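Reminder, nothing fancy here: chain letters follow the sequence lines and each chain counts from 1. None of the values given here were measured: they were computed from a predicted structure. Just so it is clear, the values below take in all heavy atoms, side chains as well, and ignore hydrogens, waters and symmetry mates.
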Amino acid sequence: MTDLSLPTRYDAPSCEPKWYAAWEAAGLFQPDPDPSKDPYTITIPPPNITGSLHMGHALCYPLQDLLGRYNRMQGKSVLVLPGQDHAGIATQSVVEKQLKQEGSGGAILGREKFIERVWVWRKESGDTILNQLRSLGCAFDWSRSRFTLDDGYHEAVLKVFIDWFNRGLIYRGKRVVNWDPVLQTSVSDIETERKLIKGKLYYVRYPFTDGSGEVVIATTRPETMLADVAVAVHPSDVRYKGLVGKTLTLPLMNREIPLIADSYPDPEFGSGAVKITPAHDPNDYEVGVRHSLDMPVLLDARAKITAEGGKYAGLDRYEARKQIVADLEAGGFLVKIDDHEIAVLVSDRSKEVIEPLLSEQWFCKQSALAPKVIEAVNNGETQFFPDRYNGVFIAWMENIRDWCISRQLWWGHRIPIYYTEDGTPYAALNRDDAQGQAGDKKIVRQDDDVLDTWFSSGLWPFATLGWPEQTDDLAHRYPTSVLVTDRNIINLWVARMMMMGLDLLGKKPFDDVMIYATVLTEDGRRMSKSLGTGVDPMKIIETLGADALRYTLLSQTGANQDIRYSERRTEDARNFCNKIWNATRFVLMNAPDGLPTQPETFEVVDRWLLSRLHATEKTVREAYDSYDMQLVCQTLYKFFWSEMCDWYIEVSKARLTDPAAGKTPQWVLLTAIEAFLKMLHPVMPHLTEELYSHLPLPNKAPFIMSADWPNLPSWFANEGAESRVELVFDVTRSLRALRAELGLTPGKAVAAAYYEGDLGGLESIVAGQAWVTDLKPGRPAEQGALSATTGGVEVHLPTEGLIDADKERAKASAEIEKATGDLAKLEERLNNPMFVDRAKPEVIERDRALATELRERIEKLSARLKQFGG
RNA sequence: GGGCGGUUAGCUCAGUGGUAGAGCACUUCGUUCACACCGAAGGGGUCACAGGUUCAAAUCCUGUACCGCCCACCA
């Protein structure tokens, strides 16, 4: 007898850190160097250093930890490589906010001091995140941890940039980009979102210069008219036939602008005439290029009117709008104002309305890179899970546009472009290198901009493994096994890694991409700090434990799109932990002093549990292999709680206390628990490790974490034992129900009960589990008895005159009615020649058997009804 | 405007052709020495709606409604 000293409650918060430290001390986070083992590699999505982890992270990282642990048990050499992302815009705005609160600001500090300040923050936030990942139990190889702005990483970035620049894949161009007037930088298309707002549509009159009438245009942004350079109509629009080529006078500015024909305007919309402001609208820009129009820039970096706006110069864009509308009205140019729903573009980061702005930026050509990505996904080299994302991804890749990679920020990889006095750009490792390339011409400055964060995180799967150096890790572990990420960054990040990996290494970066669900609040809203709907995973861990939290989230992870988080569910998971704790504790209390050995003979119920264990292992393994954690958890839960605890342990209690007979159930239970703990370990690493450490086992691994996946002998599978035992359990349940009906409390023995039918020699189980002292074959001689029929076995419980005959009659009639109805439906089907002709034989067989059973049942029920005077 | 998910018991969700399931919650009973973070029994659903295919539909097809997500240059 051992471990009677274990407390009756599992205390996760005190147990979890202990094991994390033990694993780390044992070096288990580093990959097994054994070269005969297959590699399994994950480079985790590096969290942004913008604060602390949220519920989504509490799913994402444990999910990867789970995959690592599972594959380690499957005998692979596992590396889960962690790190952090410098997250340009996001981090810079966090630090800017901090400075503002201190009454300072980046502009005051200057570039160098500002960057120093961000590094201080990087340390602080980075450490927080690291500790949180540890609290979650993540077995990541911290010795290989990378940061997207560390020195080696910077080298990789330089190499790619220079290479692509020299190959013409990176170019500089003047384009209308998405300008964020708050962060004062350009952002890419996918860093914006569309929001429908209630706005106005202004109709404005532009008179012909020669006084021969006017053209009415419609606009949602009247202030941009100051920079209008033309009005366009569709060439087929009859309303403007013969007018194209004439000149209009731009109101307020008194500038002359042409009326031109272009395919862009939709004759159906508004008046069919569109004002053209090339510098402030992507479509207008296209028109401007086609017609070689001027492109005056009307708004500056903060979205204030420039000198181009004449007397409106200096006004904010919205003030200017008000003023201009008023002036247009005063001048008699305003025709009308309609309410109009506008889809404005909003910056993801600042939530500010984007201003389309013509500016000089660096772009990455996608047309040469995208086809390889599409091909890799199309031919299944890289596969998304759930597979619906394959199509979504390809559709997006097929319509990809060039990627604006320059950002007007300080925090990030500074663009390695150096200019000579005449403005010629050289892509170089450093200034000297650039000077070498420039020859006689003198290099005078480096480009001020930095690269889009995703340019560097796109290198993640290989830069973290040492690229551009040809390291062992890179040789053995690229392509990585799986990328686990959130669907919001499929285009932002996954696409870039695919493009970069395929182009630079000639190989896809990962075999699988697993997209996990978004964690929402209990009522289905987005979790967000600013809305106050966020739940702090660390608070949950402190009270209920990391394992319970992991189970909560992982047990809801399959092919679903969303998860609603409820703390109540984590309490359930905590209860499950406690159940596992106590059942194991119970088994240990009854465990033999020496190591258990496999018994010679088994009872049917032993074979039943071993068979259920065997089936459970297969289901769980296949579920892990297909990323269906939901099925993993559900299967393990049912096996442990219902099958092992509620039935097997209860049935075996009597034997367990017997020194001789106890050896068999003890061995069965230890075998089942060991396998169960191993299968559950990837989900609940700490609890399983703690319990494993107490199990008396031969050939025990130093840690469950480093143990092999259970290898169960095939003779465990035993369908015969399963069906025999399950029939007996069904009969037991129906007898218990009869007891409950009589108000007999569970556990209190009744003297006698009777059964008719075949219990396969397992009468003692029924008697024991239904708390019957003497279970006899046949029918009770005395009058009053309650009866029930299950699976062809009828049980009778004598009542000693306690029966309410009316109630029993009513019950029997109701059951007869139900059975008769079911039988009628069944017979109708069986009498249908089409059914007999076309249905599968086993279905017909089963229905016939069911019909026979129903007839017997009705017979028995009718007899019962008669007995009660019906 | 296009695409993708979802709609099943009070709640959260399983269930891809053969007479509806789990956990929680609820009701009743029970502290029998693993566990009250427990055990036993029970109530509760015309599977969003309308058509269709089929011997048979929660399940396959078409359409509709509502919820959510993604993509999209209508001023």
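- Atoms CG (A/Asp837) and P (B/A56) sit 13 Å apart, rounded to a whole Å.
- For the side-chain contact (heavy atoms from CB on, under 4.5 Å) test, no residue two or more places apart in sequence or in another chain qualifies with A/Arg846.
- Straight-line distance between the C1' atoms of B/A14 and B/A20: roughly 12 Å, to the nearest whole Å.
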Open item on the list: For nucleotides 14-24 of chain B, give me one character per nucleotide, 5' to 3': B if any protein heavy atom sits under 4.0 Å from the base, S if the only such contacts are to the sugar-phosphate, - if neither.
Closed with: S---BB---SS
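- Rounded to a whole angstrom, the distance from the C1' atom of B/A48 to that of B/G5 is 16 Å.
- When the side-chain contact (heavy atoms from CB on, under 4.5 Å) test is applied to A/Pro222, the partners found at least two apart in sequence or on another chain are A/Tyr202, A/Thr219, A/Arg321, A/Val325.
- Counting heavy atoms from C-beta outward, A/Leu544 and A/Glu571 have side chains that approach closer than 4.5 Å.
- Among residue pairs with one or both ends in residues 738-750 of chain A, those qualifying as side chain to side chain donor-acceptor pair (under 3.5 Å) are A/Glu741-A/Lys811; sequence neighbours excluded.
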TODO: Between protein and nucleotides 67-75 of chain B, map the contacts as a letter string: B base, S sugar-phosphate only, - none, heavy atoms under 4.0 Å, written 5' to 3'.
DONE: -BSS-BBBB
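- Spacing between atom CG of A/Asp11 and atom P of B/C35 amounts to 18 Å, rounded to whole angstrom units.
- A/Ala770 and A/Leu735 make their closest contact through CB-CD2, 3.8 Å (heavy atoms, listed as atom of the first residue, atom of the second, distance).
- Looking at A/Trp581 and A/Arg9, their side chains never come closer than 4.5 Å, going by heavy atoms from C-beta outward.
- Judged as a side chain to side chain donor-acceptor pair (under 3.5 Å), the pairs with a partner in residues 271-281 of chain A (not counting sequence neighbours) are, in order, A/Thr224-A/Lys275, A/Asp228-A/Lys275, A/Asp228-A/Thr277, A/Lys275-A/Thr277.
- Separating the CE atom of A/Met644 from the P atom of B/C35 is a distance of 15 Å, rounded to the nearest angstrom.
- Sorted by first and then second residue, the pairs that involve residues 822-834 of chain A and meet salt bridge (Lys or Arg N to Asp or Glu O under 4.0 Å), not counting sequence neighbours, are A/Lys818-A/Asp822, A/Glu827-A/Arg855, A/Arg829-A/Asp847.
- Distance check on atom P: B/C11 versus B/C71 gives 32 Å, rounded to whole Å.
- Taking atom C1' in both B/U59 and B/A72, the straight-line distance is 34 Å, to the nearest Å.
- Among residues two or more places apart in sequence or in another chain, the side-chain contact (heavy atoms from CB on, under 4.5 Å) test is passed with A/Ala740 by none.
- Each of A/Phe576 and A/Met834 has a nearest nucleotide on RNA chain B; the 5'-most of these lies closest to A/Phe576.
- Residues passing the ring pair (Phe, Tyr, Trp, His ring centres under 6.0 Å) test with A/Tyr565: none are found, sequence neighbours excluded.
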Task: Summary of protein contacts for nucleotides 27-34 of chain B, nucleotide by nucleotide, where a base hit scores B, a sugar-phosphate-only hit scores S (4.0 Å, heavy atoms) - done: --SS-B-B
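- Checking each of A/Leu248, A/Ile260, A/Ile276 against A/Val231 for a side chain to side chain contact (heavy atoms under 4.5 Å, CB included) leaves exactly one that passes, namely A/Leu248.
- Separating the CZ atom of A/Arg739 from the C1' atom of B/G39 is a distance of 13 Å, rounded to the nearest angstrom.
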Task: Dot-bracket encoding per residue of RNA chain B, Watson-Crick/G-U cut-off under 3.5 Å, | denoting interstrand - done: ((((((((.[[[[.)..(..]]]].(((((.......))))).....[[[[[..)....]]]]])))))))....
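- With both ends at atom C1', the span from B/A58 to B/A41 equals 29 Å, rounded to whole Å.
- Under the 30°/60° scheme for interplanar angles, the aromatic rings of A/Phe729 and A/Trp647 are found to lie parallel.
- Checking the phosphate oxygens (OP1, OP2) of B/C38, a side-chain nitrogen or oxygen of A/Asn575 falls inside 4.0 Å.
- A/Arg9 comes within 4.0 angstrom of a nucleotide base, judged by non-hydrogen atoms across all strands.
- B/G18 and B/C60 have their C1' atoms separated by 15 Å, given to the nearest Å.
- In this entry the distance linking CG of A/Leu742 with P of B/G42 reads 13 Å, nearest Å.
- Ring planes of A/Phe576 and A/Phe640: perpendicular class, angle over 60° (limits at 30 and 60°).
- Within the structure, side chain to side chain donor-acceptor pair (under 3.5 Å) contacts touching residues 630-644 of chain A (residues at least two apart or in different chains) are A/Arg612-A/Glu643.
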